[in-house]
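Worksheet for the structure shown next.
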Amino acid sequence: MFKIVNREKMAQGTIVLNEIDAPRIARKAKPGQFVILQANEKGERIPLTMADVDSEKGTITIIYMIVGKSTRIFGNLQVGESYYAVIGPLGKATHIENRGKVVCVGGGTGIAVLHPITRGLKQAGNEVITILGSRNKDLLILEDKMAKVSDTLHICTDDGSRGHHGFVTDVLKDVLEKEDIGLVVAIGPVPMMKFVSMITRDKGIETLVSLNPIMVDGTGMCGGCRVSVGGETKFACVDGPEFDGHAVDYDELSKRLTAYQEDEKISMDACQAV
Amino acid sequence: MVEKKGKKEQAPRAKMPEQAPDVRNKNFLEVPLGLTPDMAKMEAERCLQCKKPACVEGCPVSVDIPGFIARIAQGDFDGAAVKLWERNALPAVCGRVCPQEIQCEGNCILGKKGDSVAIGYLERFAADHARENGTADLPVVAEKTGKKVAVIGSGPSGLTVAGDLIVKGHDVTIFEAFHQSGGVLVYGIPEFRLPKSIVASEVETLVTLGVNIETNSVVGATVTIDELFEEGYDAVYVGVGAGLPRFMNLPGENLIGVFSANEYLTRTNLMKAYRFPEYDTPVPRGRNVVVLGAGNVAMDAARTAMRLGAESVKVVYRRSRAEMPARAEELHHAEEEGIEFILLTNPVQFFGNDNGRLTGMECLKMELGEPDDSGRRRPIAVEGSEYTIPCDLVVVSVGAQPNPLLTNATPDISLNRWGNIVADTATGKTTKKGVWAGGDIVTGMATVILAMGAGRESADSIHDYLTLGW
Ligand SMILES: Cc1cc2nc3c(=O)[nH]c(=O)nc-3n(C[C@H](O)[C@H](O)[C@H](O)COP(=O)(O)OP(=O)(O)OC[C@H]3O[C@@H](n4cnc5c(N)ncnc54)[C@H](O)[C@@H]3O)c2cc1C
Ligand SMILES: Cc1cc2nc3c(=O)[nH]c(=O)nc-3n(C[C@H](O)[C@H](O)[C@H](O)COP(=O)(O)OP(=O)(O)OC[C@H]3O[C@@H](n4cnc5c(N)ncnc54)[C@H](O)[C@@H]3O)c2cc1C
Ligand code: SF4
Ligand code: FES
């Protein structure tokens, strides 16, 4: 169970793709949903969004950035090896409908999460304008796949090594000036989602973001994933992970993501020492 | 013989050997060490073997208490375990976690004048002896019926149903959301109160008997009940517990450092964060810890915090000592280990620093007014009594609710207004054909033995259904 059937390195090895055998999950998964994985019995439970699903083959695909001990252990698993546990599909699926013209904004590994949603929006008949951002051209992922499901594709890099020199928000402002947009979907680092939401709020354009708080069970039983949305506490694992971008308290989310900074460093140091 | 014993001066109740408080509050090893065979025999001799045993009436599953105690007295320890198993599938667990003082022991005739028989210690002794020596025989599995039963949730109620039905010859598969089986017994109740090896051994026995366990299966998400029927299951038992934590909706509740007991205990027990960094999952090691609530969950959280190195642990409760719902032994152990009880006090808000980390909790003093619906005197706030307790970790243990994940995906199962599944009290039947439910998902958070009792009744009813019809 949960055997890795395909593995790819992306973005110079900083991001890894695993296609995993998980027939029950593959049969049910919808765009926007995630799984929780454990590499081994001693491992942490790590939430990752399904970037792709093949229900006939019975596999799911995850794409993750190596940021700490657990994702590093994941990244070292080879084809033929198995995850100890994969649980899902969790969270609410994205509500996909025809909104006319939509903008999909993705940053970092958020692009992997954005891809199935973008594809869904395209299939539902939307005209899709996509804006992708990364630090430099080598860290950009899934450009070809995103191009296939978008009518227009804009690339931004912080250092100007590809496309627009600057942030996705610059291009977004431009697009919103010229086009009549029904929906914006923004998935990426918390500051990116925050600034996209600030821009769209001024213009009154509905905006969907996908939140990534620290989770344990992913089924609503711990409350570790709580986020404030419109002044109310929500459990991101069951009430989300997608929320109205205009109502999210991003600063609280950013702070809560630092809860285990010191422990994460201890873990990473111990794991690098080996 | 028996009459003579009754008139004789009563021997004192056995004293459970325990780790010393200032040693055990720094480790996660079990606190009570268990009776020796001699101690157990002596304790068993104290039992009067009453004709109409009141203890049995106090036991929710009517264990033949004088019967198993008589066997211990005769030195037939395995016989005692077999006697226990007739009514109780998990005696090693129940001997440790049942609130004996309000059940069997609370009814024991000896307790009227002196100390009741230590029924819980004896139950634990017999079960441990059988497990550790592997001497007592496993039950005989009946001829296969060809019927398939799905049990959702591997807590005490699900395990009971699985054990009963496999023995009756049905094929049983347990679907468990987590990667390990046992429910609250593995994720909630800490190692120092219930060693996980005991739960693992009970689960292992079920597997030996032929029960199939599919962990990592969140029914409602991974698969639905209707899909289980399509896959060929003939009956479904829902024992998913009361897994949703309750928060208090106070300002500052999302500061880093405010946890639900579920999260705090799951990280520590199931994910073994007390062994971080050997295990990868961290848990905050608070210096000054406040636990809100006064049930078993609160005591477990408080005693865990102490073991994780806290300088101070305060249990803050809005009522008085007499209303604290935890087992007597837990309160006693907690106090011995240095936990302070701050009674008649209620939290108002939490304070934090610029980094979003908890620094303190404002409270209000309370006084007791008129009795409320539950018969307990209602706590009323004393105006102007606000004060702040500095703390860096708060564990909220004020109760749990049913998790709607499964029931939302199964709209044809009726719920009551709190979201608990409506099930027939005698049979466990729900409003959906072929589906039974029991344990905390029906009653709200109760006890291990009540969850097991409900499981047994449902198992009987499921067996009737599979052999006779709905
Ligand atoms: C619903 C959801 C979907 C996600 N999807 C993806 C995805 O598709 N691709 C991807 O690269 N990342 C995704 N993430 C983020 C991913 O879970 C974290 O990067 C991962 O947990 C880091 O673990 P680590 O041990 O390697 O790093 P650590 O050293 O533990 O931490 C590095 C960073 O990850 C965050 N983090 C740590 N533990 C958790 C946890 N249990 N849950 C969430 N965040 C945590 C910390 O705040 C920290 O900033 C998702 C998160 C959520 C909640
Ligand atoms: C910390 C703590 C301490 C306690 N101490 C005591 C005590 O000392 N004495 C006592 O008698 N009682 C105690 N209790 C209460 C007792 O543990 C519960 O009443 C009892 O465990 C309920 O059993 P159950 O089988 O109904 O559910 P649970 O034990 O809650 O088990 C339910 C199981 O179902 C699984 N599940 C949930 N949803 C799904 C799903 N959708 N699909 C698949 N699986 C699912 C869960 O992961 C879990 O494993 C305590 C409870 C807690 C939390
Ligand atoms: S009530 Fe007490 S003395 Fe009588 S049978 Fe039960 S345990 Fe023994
Ligand atoms: S991760 Fe535990 S409630 Fe969401």
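Scope of the values below: all heavy atoms of this structure, side chains included, with no hydrogens, waters or symmetry mates. Numbered from 1 within each chain, the chains take letters A, B, ... in sequence-line order.
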> If contact means a heavy atom pair closer than 4.5 Å, which residues of residues 262-271 of chain B contact chain A?
Replying inline: B/Asn262, B/Glu263, B/Thr266, B/Arg267, B/Met271
>> Using side-chain contact (heavy atoms from CB on, under 4.5 Å), reason through B/Phe247 and A/Thr233 one step at a time and then give a plain yes or no.
In response: CA-CA 10 Å; B/Phe247 284 93; A/Thr233 295; 5.9 Å; no
Take atom [atom1] in [X]; do more than 12 heavy atoms of anything else shown fall under 6.0 Å from it?
| X | atom1 | value |
| --- | --- | --- |
| B/Glu278 | CD | yes |
| A/Lys255 | NZ | yes |
| B/Glu231 | CD | yes |
| A/Phe167 | CZ | no |
| A/Arg201 | CZ | yes |

[X] portion near chain A, given a 4.5 angstrom heavy-atom threshold:
| X | value |
| --- | --- |
| B/Val258 | both |
| B/Asp354 | backbone |
| B/Gln401 | neither |
| B/Pro404 | neither |
| B/Arg275 | neither |

What is the distance from atom [atom1] of [X] to atom [atom2] of [Y], rounded to the nearest 0.5 Å?
| X | Y | atom1 | atom2 | value |
| --- | --- | --- | --- | --- |
| A/Tyr260 | B/Ile256 | OH | CD1 | 9.0 Å |
| B/Asn216 | A/Tyr84 | CG | OH | 7.5 Å |
| A/Leu90 | B/Leu405 | CG | CG | 8.0 Å |

>> Working note: B/Asn355 + A/Thr258, criterion side-chain contact (heavy atoms from CB on, under 4.5 Å); need CA distance, chi angles, decisive distance, verdict.
In response: CA-CA 9 Å; B/Asn355 299 326; A/Thr258 67; 6.0 Å; no
> Which heavy atom of A/Asp263 sits nearest a heavy atom of B/Phe276, and at what distance?
Replying inline: O-CZ, 3.3 Å
> For chain B, which of A/Ala85, A/Gly218, A/Ser267, A/Ala259 has the most heavy-atom pairs under 4.5 Å?
Replying inline: A/Ala259
> Relative to chain B, which of A/Gly224, A/Cys222, A/Gly223 shows the most heavy atom pairs under 4.5 Å?
Replying inline: A/Cys222
What part of [X] gets within 4.5 angstrom of chain B, counting heavy atoms only: side chain, backbone, both, or neither?
| X | value |
| --- | --- |
| A/Ser254 | neither |
| A/Ile46 | neither |
| A/Phe2 | side chain |

>> I'd like to know if B/Glu214 and A/Arg24 make a salt bridge, using a cut-off of under 4.0 Å between side-chain N and carboxylate O.
In response: yes
> Can a salt bridge be assigned to the pair A/Lys28 and B/Glu227 using a cut-off of 4.0 Å between side-chain N and carboxylate O?
Replying inline: yes
> Would you say the side chains of A/Ser228 and B/Asn254 form a donor-acceptor pair under 3.5 Å?
Replying inline: yes
>> Set out, in order, the CA-CA distance, both residues' side-chain angles and the distance that settles side-chain contact (heavy atoms from CB on, under 4.5 Å) for B/Leu244 and A/Met221, then state yes or no.
In response: CA-CA 5 Å; B/Leu244 209 69; A/Met221 62 91 54; 5.7 Å; no
> Is there any residue in residues 36-45 of chain A with a non-hydrogen atom under 4.5 Å from a non-hydrogen atom of chain B, and which ones are they?
Replying inline: A/Gln38, A/Glu41, A/Lys42, A/Gly43, A/Glu44, A/Arg45
> In residues 60-68 of chain A, which residues are in contact with chain B at a heavy-atom separation under 4.5 Å?
Replying inline: none
> Any donor-acceptor pair under 3.5 Å linking the side chain of B/Asp280 with the backbone of A/Ser70?
Replying inline: no
> Under the side-chain hydrogen bond (donor to acceptor under 3.5 Å, both in side chains) test, which residues partner B/Tyr187, sequence neighbours left out?
Replying inline: none
